[in-house]
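Encoded as structure tokens, the structure appears first; notes follow it.
Quick note on labels: first sequence line is chain A, next is B, and so on, each numbered from 1. The model shown is predicted, which means the values in this text are computed figures rather than measured ones.
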Protein chains: 2
Amino acid sequence: MRSSSSSSAHASAKHDHTKCISAALDTAEQLCVVRGVQLTPIRLQVLKLIWESHQAVKAYELLDRLKPLKQEAKPATVYRALDFLIEQGLIHRIESLNAFIGCHYSGQQHEQLLLICKECHEVEERSAPAVMDALSSEIDQAGFIAHSKAIEIHGICAKCSKETDAQG
Amino acid sequence: MRSSSSSSAHASAKHDHTKCISAALDTAEQLCVVRGVQLTPIRLQVLKLIWESHQAVKAYELLDRLKPLKQEAKPATVYRALDFLIEQGLIHRIESLNAFIGCHYSGQQHEQLLLICKECHEVEERSAPAVMDALSSEIDQAGFIAHSKAIEIHGICAKCSKETDAQG
DNA sequence: ATCGAATATGTTATATTATCACAACTTTGT
DNA sequence: ACAAAGTTGTGATAATATAACATATTCGAT
């Protein structure tokens with residue numbers, strides 16, 4: 001059992017998640033039009049499923065949730081949609097979890113700090129310019145040419161550590 | 001085919017890799033003694049195999065290389081050894097590659113910047129204190145409690161980008 | 001409107017990565 | 001010598017991801 005359903009409940013209470021979803025989908029549609037790429041029904045559906053929460057979600061979980069809506073869905077169906085969404089910067093792949101999360105900064109610079117809570121599995125995305133600047137200069141010093149700069153931090157988020165305090 | 005064998009050749013030319021290996025193994029043995037944990041023959045052998053190069057190596061590659069030396073070797077044999085070596089901070093797991101690399105800073109603080117070359121697959125480890133400091137304060141600002149702070153950067157290393165220049 | 005190219009999807013099979021469960025063996029402390 | 005803890009052997013299987021090829025759809029040029 002995961003503690004996440006209850007933990008994410010208060011998170012949802014704190015913000016209007018329907019706005020998160022509609023903002024993300026609007027941005028996605030606009031970006032795809034501008035770029036001349038197809039946000040097909042499958043891709044849109046997968047994006048919606050990912051945005052159902054702020055928790056990282058696994059490919060086969062998405063497949064299970066997609067099947068009722070699309071009976072022919074197979075692993076490739078999901079992985080292709082995920083590949084597209086990642087290419088377009090609409091979602092992040094969390095390497096350390098083999099999981100996926102909607103991106104809050106689609107269309108902007110796409111190098112963020114991901115704070116991944118072990119307790120509620122929610123992921124907070126921060127642009128963290130100070131960190132990214134320090135990182136860039138460290139990389140330059142090494143003579144390295146970076147193609148991607150994702151940072152994944154695992155730990156306990158503010159909400160969950162407060163809860164633990166209260167209970168402890 | 002991988003371009004790595006030739007690329008890593010000049011890397012090896014640049015340093016005495018037998019020293020890398022013996023230093024790593026010495027440190028490992030000492031740390032395990034101090035900590036009262038067992039660096040068994042299997043674990044030591046896997047550590048040696050990982051240290052054969054500065055390239056990230058996959059679990060099943062290790063298994064293939066281990067089998068000639070240990071015919072009973074199975075996936076669990078390798079994964080158990082890897083789990084142990086990671087727990088003891090003797091190797092890093094590179095999440096974005098599902099691969100493993102020897103740690104240069106075993107026994108010291110264990111949060112580093114990993115620069116992973118797409119060309120030669122070598123991994124450079126840097127302690128990058130400026131980045132880590134900026135990261136810590138960003139994490140603090142978020143009210144997050146970090147348990148791990150690994151940063152994996154993919155790109156082209158200094159050596160390989162010079163080679164490309166020369167050839168291009 | 002229709003043709004061809006490019007793109008997207010359907011479908012089956014399989015590759016890759018990782019863990020579980022339980023028995024047997026080894027090491028350590030008493 | 002014995003028990004407890006730790007390690008390894010072994011077989012099965014779970015979880016994650018891709019390959020290959022056929023079919024269908026979309027889009028632009030004629």
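For A:E72, whose side chain is taken as the heavy atoms from C-beta onward, the closest listed nucleotide among C:dG10, C:dT17, D:dT8 is C:dG10. Closest to the side chain of B:T77, out of D:dG9, C:dT7, D:dT16, is D:dG9. For A:Y79, taking side-chain heavy atoms from C-beta onward, the closest of the listed nucleotides D:dT7, C:dA18, D:dT16 is D:dT16.
In this structure, OG1 on B:T40 lies 7.0 Å from CZ on B:F84, to the nearest 0.5 angstrom. Here CD1 of B:I153 is found 4.0 Å from CD1 of A:I139. Values are rounded to the nearest 0.5 Å. Atom CG of A:L115 is separated from atom CD1 of A:I156 by 12.0 Å, given to the nearest 0.5 angstrom. Here the CZ-CD distance, from A:R65 to A:Q45, works out to 10.5 Å after rounding to the nearest 0.5 Å.
For B:Q71 and D:dT10, the CD to P distance is 11 Å, given to the nearest whole Å. Between B:L82 atom CG and D:dT8 atom P there is a gap of 12 Å when expressed in whole angstrom units. Straight-line distance from the CG atom of A:L39 to the P atom of D:dC27: 13 Å, rounded to whole Å. For the pair B:L63 CG and D:dG9 C1', the computed distance is 14 Å after rounding to whole Å. One interatomic measurement links the two molecules: CG of B:L62 to P of C:dA18, which rounds to 11 Å at whole-angstrom precision. Atom CG of A:D64 is separated from atom P of D:dT16 by 11 Å (rounded to the nearest Å). One interatomic measurement links the two molecules: CD of A:E61 to P of D:dT16, which rounds to 8 Å at whole-angstrom precision. Between B:Q38 atom CD and C:dT27 atom P the separation is 8 Å, expressed in whole Å.
In this model, the phosphate group of C:dG10 is approached by a side-chain N or O of A:K70 to a distance below 4.0 Å at OP1 or OP2. Taking only side-chain nitrogens and oxygens, B:N98 never comes nearer than 4.0 Å to OP1 or OP2 of C:dT16. Not one side-chain nitrogen or oxygen of B:K58 sits closer than 4.0 Å to the OP1 or OP2 atom of C:dT16. In this model, the phosphate group of D:dT8 is approached by a side-chain N or O of B:T40 to a distance below 4.0 Å at OP1 or OP2.
Among the heavy atoms of the strands lying under 4.0 Å from A:R43 are primed sugar atoms or P, OP1, OP2 only; no base atom is included.
Ionic pairing of A:K70 and A:E72 is present here: one or more N-O contacts between side-chain nitrogen and carboxylate oxygen are shorter than 4.0 angstrom.
Summary of the strand contacts: B:I42 and A:R93 both lie near DNA chain D, and taking for each the nucleotide with the nearest heavy atom, the more 5' one is attributed to B:I42. Mapping A:K74 and A:F84 onto DNA chain C by nearest heavy atom places A:F84 closer to the 5' end of the strand. Both B:L97 and A:A76 lie near DNA chain C, and the one whose nearest nucleotide falls closer to the 5' end is A:A76.
Below the 3.5 angstrom threshold, one finds no donor paired with an acceptor across the side chain of B:R80 and the base of D:dG6. For D:dA17, the base has a donor-acceptor partner in the side chain of A:Y60 [N/O atoms by modelled type, under 3.5 angstrom].
The same ILVMFWY cluster, assembled from side-chain heavy atoms under 4.5 Å apart, contains both B:F100 and B:Y60.
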